[in-house]
Enquirer: 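Following this message is one structure expressed as structure tokens.
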Amino acid sequence: MGVAGGGALTSLDDLSLTLPLWPAAVALALAAVATFFRYGAALDTQTAALRRDTEGLV
């Protein structure tokens, strides 16, 4: 056993890590959809409040 050649446990030539990008893309898309729903709910709340405020003016 020689140190110069590198053993099986110390050689990282065959070690490769590939990360697929589709999980990150799906997570980003779901975050965007959640943001749109949150914005829509806030817009509905504000619209309802404005309607209540203007009911007595008309």
Side-chain angles (χ1 to χ4, degrees):
M1 265 194 194
V3 179
L9 295 177
T10 60
S11 176
L12 297 177
D13 293 338
D14 295 329
L15 181 64
S16 65
L17 181 64
T18 57
L19 296 174
L21 293 179
W22 69 266
V26 169
L28 186 61
L30 288 175
V33 169
T35 302
F36 292 144
F37 276 111
R38 202 172 303 129
Y39 177 73
L43 190 61
D44 283 341
T45 303
Q46 291 173 357
T47 303
L50 288 173
R51 282 195 179 127
R52 280 194 310 268
D53 289 344
T54 58
E55 279 179 359
L57 298 177
V58 179

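Here the structure is a predicted model, which means the values were calculated and not measured. In this chain, residues are counted from 1 in sequence order.
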Enquirer: Identify each donor-acceptor pair in which a side-chain atom of residues 39-48 lies under 3.5 Å from a protein atom, sequence neighbours left out, and give them as a table.
Expert:
unit_1 : atom_1 : unit_2 : atom_2 : d
Thr45  : OG1    : Ala41  : O      : 2.9
Thr47  : OG1    : Leu43  : O      : 2.7

Enquirer: Tracing side-chain links under 4.5 Å among I, L, V, M, F, W and Y, which residues wind up in one group with Phe36?
Expert: none
Enquirer: Show which residues join Phe37 in its hydrophobic cluster (side-chain heavy-atom contacts under 4.5 Å, direct or indirect), or state none.
Expert: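 Cluster partners of Phe37: Val33.
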Enquirer: For Trp22, what are the other residues in its hydrophobic cluster, where any two members join if their side-chain heavy atoms are less than 4.5 angstrom apart?
Expert: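 Result for Trp22 is Val26, Leu30.
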